[in-house]
Every structure is written in structure tokens, then in C-alpha cells.
Amino acid sequence: KGDEYFHKAKYPEALISYAQALQIDPRYVPAYYQTAQCQIRLGNYPSAFQALTRTVELQPDHWAAQLDLGRLYLGSGNAGEAKKKADLIIQGDPKNVDARLLLSNAEAALGEHKEALGAAQEAITMAPQRADVYTNLGIQQGRAGSAAEAEASLQKAHSVDGNSLEPLLALGKLYEQQKRWTDAQKQYETAMSVAPKSVVPRAAMASLHVMQGQLDLAEKTLRDEKAQLPDDPAAYRMLGDFYISRNEPEKAIAEFQELKKSHPADLRVKKTLAQLLISANRSAEAMAEVEEILKSSPKDGDAQVLKGKVQLLNKSWEEAIATFQQVVSHNQESGNAHFLLGTALDGKGDHLLAEQEWRKAVKLQPANMQAWHALAVTAEQRSDWRGLESIANDMKKAEPNFMEGYIYHATARMNQGDGSGAETDLSYLVQRAPENPLPYIKMGQLRFAEKRWNDAESSFKSALARDPNSMDAIRGVAAVSLAKGAPAEAEKFIEQQITRNPNSAGLYLVQGDLFLRSKRPELAEASFSHASQLDPGSASPWIRLAETQALTGKFENSVESYKHAIQLSPRDVGLYVGLGTMYEKLGDWQTARDTYQKGLNIQPDHPLAANNLAYILLEHGGDPNVALTLAQTARRGLPNLPNSADTLGWAYYHTGAFSAAQPLFETAVSGRPNDQTYHLHLGLTYQKLQDKARAKTELEKAVNLDTKSPVADRARQAISELATS
């Protein structure tokens, strides 16, 4: 029954029948293989890969399945694995011509053109009556730069089989490379007449129009294809895919919404529509599409991934973690699933677990640049420059043409004091991508670190010439002016940028920072406030506004700004710490306590939230044992901060462990000798330890640092107690 559907190109229906066969016999090889053939024709290559892998697990000498696996490896850019599959097949079936063709293409992808041509010639010797062997030889000759020989081989292929598409298409591509547009068009027209129901020649024709800048003709070609082949999934979705490739999301969404109506059984259309809606931040609509898919196909792995992506978009971290854990449990070998699970864990604040998942992702899928990027960002955030260098080297190895690997490598070398090593990376990028602003920005940062102000300014301005809206380059130019002792010049430059682009929130953020550096917080507050109006959906302006209002003593205003920021970024524990601090400034201890606890509910090991909550509990009647646990968490996270030493010491003091408190207070006083509270706490501890002389010394220091403060009053009381005792 499945085969009957398959031969009628009803692949979704065939898949159902093959699945029913596998329910009866889970080890039935033909059902797995035919499932893979359906998935290949539907373009669901990960699912095809799984079915083929199961096929060869059950029957290792299923050469057709091994061949298809090799082709999938080759199509995904893993030429090394493709070559291994070709060698395996040839070892078991030496006369397999298709394996020779796979070997030829794999070697070409690996840059071994001589070997690729040799394998192509062997295929011709074995099967001189087949057109595809001459087609392959022509393609390899073209790759090797022998255009005339390639043309002759492809014409030979066409003469061997005039009804074969491949020689015509390959010849058309060869003419495209030579910009022989008319000749290429003739080949594609011939191909369309040879195979009027094939989408491939029409796609090639549309691509030819795009290369010549004839977008209207390309769109018309794809519309005609959709009308002429209304039941072929590859044909009717090609216009929508064209809009995606052209980065026209609204047109793509409208097209796939229309396709969903005309082809309601096509799950791939629904999945593409859901992904487009996710990319457009239309989470509610995307989730509706996903739930519709899951209603008819509850175990669909792709739909589960889409569901998790919507949850990520909504910052529903716990739900996303549960979804991706389920996906991973069903597909442990999916690098993308591990990457997405890591992203959800990172959003929740479980950074260590997130990093573990990202490392699994790159191990399973070395070319997963998103996972490498996440690892690189993590290393950069914790200033692990050796780690970043190692990651960057792996990125360059996995994808030599990926610019970020070189950028991260340059950043790592720069922060390890190797300016020449960083310069080598950046000079290479400037040469390879002269119009990309990023290498110039990094070069500017390198020159800035070397205090070569003029060279740094030149590099930043080179970046601006390529991208006038680059905030990194704009910040760089302003920073150079400040470094040269010309703050007015920096402010004037930013004013010019604002005049040119008055709706840029980022420019007002830079302006506000400049005003803060020149100790004009009122002007900074106005700049940050304007930035928040221009970009009300971003938390950054509200955070900077809240911090500036706190500097000027506007604690109630700062509270409201922090609340706005939390609405936009509800998982940022640092915002709860900032808000709790403002409530402390206002004397609202209970609300401050509740606010810190909300932050700890999100990230239980957040050191600042734990430290501040511990201190409030100790000062305002809380459980000292709970405070001690929190203070220990804070000290682990902030081992070099005097404040965490003081809080932990104060917790030990309140639990009667005065000997444990003493060295912590001494550390705090040593790190911040002008802090009145630290001297008070140390003096009180000496008093409890019956060291009256040192107690008096520390308490007097506490009084003298600010004679009119409540801390001084508490110290005087302790001194009086020493005298009477």
C-alpha cells in the first residue's frame, strides 16, 4: 500500500503506511528504506538520515541505503564521511558505478581534484553507456578549470541520453559561469521540454533570471511552475522559498498561508509557516500552527522543536527546557536539539549545564556555528581567553570560511597580550572581506589597547565608511576622543551622529554614557529617558536610566525604571538586585527582601542577590541560619569581594561563631579600609573574643570615619560597654 502511494508521489500517505508496517515488524528493512525515500523527496533530510541509519544498522550490506547516506553526508558538507561511505560500498561491491560517482564528488569537495577526475574516468570505463558518468566527468573538469573539456563531456552525455536532465542542467551552469546567458537559457528551455513535470529546470531558469537582476521574470517563472505543477510539493512551495531567500518575510508568510489552505495535509508547509512566524516574533500565531501540527502528529520531532523555539521566544525557559529534553531523549544524536536545550538552560541561568549541552552539540555536529558562537560568548564573558582561543581554532577548523572564528581568535590573542597574532587574523579578514566593517572595528580595538589613538580612530572610521550605523564603530571613535583628552570632541561627534540619525536609541545611550563620564548625570538621565522612548521594547535604556536615577538620589524614580526593565527582561536576576537595592535605600526592607527572593527563585546561586538578602535577614530579624547559607553562597560566587566577606562574617557573628567571623572581617577591612561598618563588625567581634584592646581600636576607627552616622552611635555604645566591663 505504501509503495502504491509512493509511485503516485503521495509521500505523506506512503509514510503512514510504512509506519504501520513498522508497527507490525520494527525490524522490517524495506519499510525503513522506503520511509527514507519519502523523506528525501519531501526534503526532510534529518528524518531521511535517521531512517537510512536504521536501515544499514539492520542490514549493513544494503548498498542503496549506504549510497543514499553518503549522498546526504555530501549534501550537508561532510565530504569526509561521504568518501568513507563510497569506499565501504566499493569494498563490498567493486562494480558499483554509483559509488564511484559518489567517491568522485566527495574527493572534489575535499579539494582532491586529480583523484576526483580519476574516479570519474573509472566510472566511464565501467559504464560507457550511461549518460550520468559523462555528466559527472564534465562537472569535475569544470571544477578543475577545463571549460572546453567539460563542455565536450556534457555534450557527449546529452548525445548518449537525450532525455536526461542532468547534462542539460550542468551545461547550463557551465555557461552561467562563463556568463553565456543566452546559451544557458537555451539549455534550461530544452530541459523543460524534456521533463515538463520536473521542478529542477524551472528553478534553474529562475536562478538564471536572478543572476541577471531580472527578479520579476524569476518570480513569474516560479508562479507559472506553481500553476503548472499544483500537486508537486517541490513545485508549489518554490515561490515561498524564493521569498525566504530574498529575505522578504511578509511575502513568504503570506505565500505559505495560502499554500496551507490549498494543501492542508502538507506538514512541511505548516512547519515552514510556523518557523517564519517565529522568525517574525509572532509567537502566538506560531504556537497555533505548532499545536495544529501536534494535534494530528503528537510525536513529530520537528514540531516539538518548533514548540520549544516558540517557548524560547516567549522566554518560557522551564517549558522550553522540558520540551527540548523530550526532543533530546528521542534523538540523542541531534546536535541542534542539544544546542537548543543549552540555549533554554542558559536563559534560565543554568550556565554550566548550558555549556555542557553546547559542547555535546559541536561534538555531534562540528559545523554547528550557533553552538560554537554560544561557547565563544560564554568564554568571552568570563574572560577565559585561552578557552576562547581554543574554541576559535575549532571554529576555523570546522568552517574555514566563517569569519567569526578569526574574530574570536583575534580577540583571544589581543587579551593575552599578543597584538601581532591578533593583527595577523584581522589583516587576513580585511583582505578577504574588505567591505565588512567587523575586522576594522576589531583592528580599532586592538590599536586602542595599544594606545595608538590615531590608528584606532582611522580603523573605526573605516568601519563607519562601510556601515554608518555601526554602534561599535561609533563608540570606538568617541572612546578615542576621550582617550586623547577631548571629551567635547566626543560629544560633538555623537551630536552629529544623532542629527544624522535622530531615531537611534543606541546613540542616545552613548551620549548618556558620555555625560556620566563628565559628571553631568541630569543630562545623562535625559538621554537615557529619550532612548527608552525610542526603543520601549529594549531593557537597556531602562537599566541605564534606573542606574542614573539612583546616582542622583531619585530612588522612587529608579524603582519605576527597574520595574520597566524587569517587564522586558524578567529573567535578569541583576535587575532584581538593582530594584531590591532601591527599596533598601527607601527603607522598605520587606519589599527589598521579597525582591531579592524573586531573583533567587530564578537563579538560586546568584551571589549578589544571596548576599543582599542574607544581610537584610541579619539586620531585620530574619533567621540567622538561613542568612548563613545565603552568605556562604554569596562568598563562593564572589570570593574576592570585601562585601561578601563582611556578610558571611556577620552571619557567623549572629550564629555565635565569632572565631570564624574574625578572619572574614579582617579580610573585609583590609580590602576596604575606609568602610565604617566593616570596622564596627570587626570591633564587635574582638569584643566577643575578649580582645578589648583591638576591639577599642576598631570601634574608634568606626566612629572617626563618620562621627554623625548611626554606625558611629553603635560603635560609641560598644566602646561604653567595654569601659564598664
Side-chain angles (χ1 to χ4, degrees), residues 33 36-37 39-41 43 45 48-49 52-53 55-56 59-147 149-174 176-177 187 191 194-195 198 200-201 203-204:
Y33 181 67
Q37 300 311 300
Q39 299 289 16
I40 287 171
R41 283 156 180 78
Y45 300 114
F49 185 87
L52 289 168
T53 300
T55 302
V56 299
Q59 185 181 335
D61 64 350
H62 195 304
W63 304 127
Q66 296 282 15
L67 185 69
D68 285 337
L69 275 172
R71 288 167 173 163
L72 288 178
Y73 276 127
L74 188 63
S76 66
N78 195 338
E81 287 298 320
K83 183 177 179 180
K84 288 179 184 178
K85 288 294 181 185
D87 288 335
L88 175 68
I89 299 166
I90 291 169
Q91 185 178 0
D93 184 11
K95 295 183 179 181
N96 193 311
V97 178
D98 292 311
R100 300 279 175 185
L101 297 178
L102 174 62
L103 180 62
S104 176
N105 283 293
E107 287 174 329
L110 292 168
E112 300 168 358
H113 297 297
K114 183 179 178 180
E115 291 80 357
L117 285 168
Q121 292 286 4
E122 288 175 359
I124 289 175
T125 302
M126 296 170 64
Q129 76 286 357
R130 284 176 50 169
D132 58 345
V133 295
Y134 293 101
T135 302
N136 178 66
L137 177 61
I139 291 171
Q140 304 309 337
Q141 289 167 332
R143 287 171 175 166
S146 303
E149 293 178 8
E151 185 173 4
S153 295
L154 294 172
Q155 288 173 342
K156 171 68 174 177
H158 182 56
S159 69
V160 170
D161 184 358
N163 293 319
S164 175
L165 273 181
E166 285 72 19
L168 295 167
L169 295 171
L171 198 51
K173 290 296 178 187
L174 182 66
E176 279 184 13
Q177 293 166 9
Q187 294 301 315
V194 166
S198 173
V200 180

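Keep in mind that what you see is a predicted model, and the values were worked out from it rather than measured.
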What distance do [X] atom [atom1] and [Y] atom [atom2] have between them, rounded to the nearest 0.5 Å?
| X | Y | atom1 | atom2 | result |
| --- | --- | --- | --- | --- |
| Leu174 | Arg143 | CG | CZ | 12.5 Å |
| Asp161 | Glu166 | CG | CD | 9.0 Å |
| Lys85 | Trp63 | NZ | CH2 | 9.5 Å |
| Leu137 | Ser146 | CG | OG | 10.0 Å |
| Ser164 | Arg130 | OG | CZ | 10.5 Å |
| Leu102 | Leu67 | CG | CG | 6.0 Å |

Heavy-atom closest contact ([X] atom, [Y] atom, distance):
| X | Y | answer |
| --- | --- | --- |
| Leu69 | Val56 | CD1-CG2, 3.8 Å |
| Gln129 | Val160 | O-CG1, 3.3 Å |
| Ser198 | Leu165 | OG-CD1, 3.5 Å |
| Gln141 | Ser153 | OE1-OG, 2.7 Å |
| Ser104 | Asn136 | OG-ND2, 3.2 Å |

Compare all side-chain heavy atoms of [X] with those of [Y] and state whether any distance is below 4.5 angstrom.
| X | Y | value |
| --- | --- | --- |
| Leu168 | Pro201 | no |
| Asp68 | Tyr33 | yes |
| Gln59 | Thr55 | no |
| Gln187 | Leu169 | no |
| Ile40 | Gln37 | yes |

Exercise. Are a donor atom and an acceptor atom from the side chains of Gln140 and Asn105 found within less than 3.5 Å of each other?
Worked result: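 Side chains of Gln140 and Asn105: pair found under 3.5 Å.
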For residues 106-125, run the donor-acceptor check on the side chains, cut-off 3.5 Å, and write out each pair with its distance to 0.1 Å, sequence neighbours left out.
{"residue": "Glu112", "atom": "OE1", "partner": "Lys83", "partner atom": "NZ", "Å": "3.3"}
{"residue": "Glu122", "atom": "OE1", "partner": "Arg100", "partner atom": "NH1", "Å": "2.8"}
{"residue": "Thr125", "atom": "OG1", "partner": "Gln121", "partner atom": "O", "Å": "3.1"}

Please check if the side chain of [X] supplies one atom and the backbone of [Y] the other of a donor-acceptor pair under 3.5 Å.
| X | Y | result |
| --- | --- | --- |
| Gln66 | Pro60 | yes |
| Asp132 | Thr135 | no |
| Tyr134 | Ser159 | no |

For this session: Report, as yes or no, whether the 6.0 Å neighbourhood of atom CD on Gln91 holds more than 12 heavy atoms from other residues, nucleotides or ligands.
Result: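 Atom CD in Gln91 is not packed in, count stays at 12 or less.
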For this session: Count the heavy atoms of every other residue, nucleotide or ligand shown that sit under 6.0 Å from NZ of Lys84, and state whether that count exceeds 12.
Result: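 No, NZ of Lys84 has 12 or fewer neighbouring heavy atoms, counting only those of other groups under 6.0 Å.
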For this session: List for me each residue that meets ring-ring contact (aromatic ring centres under 6.0 Å, His included) alongside His158, sequence neighbours excluded, and say none if there are none.
Result: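 Testing His158 for ring-ring contact (aromatic ring centres under 6.0 Å, His included), a comparison that skips the adjacent residues, returns none.
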